[in-house]
Amino acid sequence: MALATSSPVSTSVRQARPGVNLDVLRRRVAGEIITAGDEAYDGARALANLTFDRRPLAIVRAESTDDVAETVRFARGAGLPLTVRSGGHSVPGLSVVDGAVVVDLSRMKRVVIDVEQCTARVQAGATSGDIAGPAGEHGLAITTGDTSSVGMGGLATGGGIGFMARKYGLTIDNLLSARVVTSEGDTVTANPTEHPDLFWAIRGGGGNFGIVTEFELRLAPVGQVLGGALVLPATREVIRGYLEHADAAPDDLTTIANLMHAPPAPFIPEDRVGEPVLMIFAVWTGGIEEGQRAFAPFRALAEPVADAIGEMPYKDIYMFTAPQAEPHAAIVRSMFADDVSDVAIDAALAAMERATSPMDIVQYRAQGGAIAQVSSDATAFAHRTQRYFVAVLGLWMDPTEDAAPHQAWVDDLWQQVRPEGNGVYVNFLANEGEDRIREAYPAVTMARLREVKRRYDPENVFRFNQNIKP
Ligand SMILES: Cc1cc2nc3c(=O)[nH]c(=O)nc-3n(C[C@H](O)[C@H](O)[C@H](O)COP(=O)(O)OP(=O)(O)OC[C@H]3O[C@@H](n4cnc5c(N)ncnc54)[C@H](O)[C@@H]3O)c2cc1C
């Protein structure tokens, strides 16, 4: 089977009305408009997940909020499907769909740090890496994606579970204000006092309510951290120990653990490449000596395959996850869980033995800490008390490769671990249907989201997302 070139959504895309004249839009926006036949078209329509191969009608590389507003008004007026692309890491590939007008924010990447206020004004096209560098120059940081290329537009409207989440919460917990273009093409400010309902909804409700062009974010005083990767042999005892220690650790320690085959990397001994390992990426934000004590229980779990934990500026954590920033093919299933049983651990270990790609991963993230200290009704991201995030990630490099074996590998393990799930993170949902979207939001949250949707987007202009029906 060849890779899917379209998703279930593309078949429902409305066709462009005859007589659509993009020159009208060209006269109204400063940004470039790219269409089929342009040299830049193939690059501009590409997403980070190479399984998607979509052909939009036009890609509008917005230069400003006004460009975004003009494009929304134009697409809406012409009855054209409208999508928004910031960093292009959409798991379901919904930021670029067949026949759509794509609002592409990749040129809107400005990051302005206010050192005195410890805040940053960040345009939505900036990536996680785009912020870490400039903020770090002032001894500041914000927890964003685990991979430098993940875009703020999608991340900071869905949640943002990052490398300091246990200490500083989700990215959305540090959102002070946002500039939003509504489905009418109006530009509004959403914060606790202006459009508070919209402000609540865009913190977890995804792209359903408008296009955010700029975020104002609180930064934390973070200079040097103790972090990097601790690589342990993959056994049931190691994974169980990781889950327990990571959950019990002080909030200063946030970890993301990948059960995977040891990849070639500067910190992995060459003769250990290919061994099944638990690769624990970690960031400790407290005092360095205390941090060494916090890592001790993890180091005691087994003789490490590699120990690359050291003092570093926060931004350097992205060097450890650099391979996943490169475009690749991916099939993703994920869930939150209150616990992970030995049966599920054994299923994951057995799955690694029959992996269809050397890049396949079962990922565990210990949640808790500051994530759980925010009340579940404070933002639209409500799943705050589950202890773990678990994902099955079928990953491979060549998108022309037959996807069927990878899909079967993911499906098989997913069926085994899924019964332990309790909710799902909207930003890691693929195209999995209505029931799973409902899993992303408790009923009371969903009801409130629909109310806000009816107020701000009654015609469902913003529907290429994990859609909240008005
Ligand atoms: C390799 C990889 C690593 C990841 N790591 C993490 C992680 O550590 N933590 C985490 O929380 N998530 C992570 N994610 C998930 C990530 O948060 C989502 O995929 C997110 O949607 C990506 O945002 P983007 O702007 O890059 O994506 P895009 O593809 O540009 O957009 C995805 C969707 O977000 C919405 N959207 C995008 N921009 C805007 C905007 N400006 N205004 C309103 N809505 C918008 C739209 O609905 C769009 O379809 C990861 C994903 C990948 C592929």
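Atoms within each ligand, like the ligands themselves, are counted from 1 in listed order. We count residues from 1, following the sequence as given. Given the structure is predicted, the values throughout are model-derived calculations rather than measurements.
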From the candidates [options], the one that places a heavy atom nearest [atom]:
atom	options	answer
atom 51 (C) of ligand 1	Thr147, Val150, Asp104	Val150
atom 12 (N) of ligand 1	Phe209, Phe381, Phe428	Phe428
atom 53 (C) of ligand 1	His89, Glu326, Arg85, Met152	His89

Are any of the heavy atoms in [X] under 4.0 Å away from ligand 1?
X	result
Ala330	no
Tyr425	yes
Ala48	no
Gly206	no

Check your understanding: Using the ring of each side chain (for Trp, its six-membered ring), is Phe336 parallel, tilted or perpendicular to Phe381, with breaks at 30° and 60°?
Key -> perpendicular
Point to revise | Residue from Asp251, Asp173, Thr385 passing side-chain contact (heavy atoms from CB on, under 4.5 Å) with Gln373 | key: Asp251
Below the 3.5 angstrom mark, is there an N/O of [X], backbone or side chain, next to an N/O of ligand 1?
X	result
Arg365	yes
Ile256	no
Gly88	yes
Gln324	no
Asn427	yes
Leu105	no
Gly159	no

Review point. Is it true that Glu70 and Arg73 make a salt bridge, defined as a side-chain N closer than 4.0 Å to a carboxylate O?
Key: yes
**Study point:** Flag: protein heavy atom within less than 4.0 Å of atom 45 (C) of ligand 1
**Key:** yes
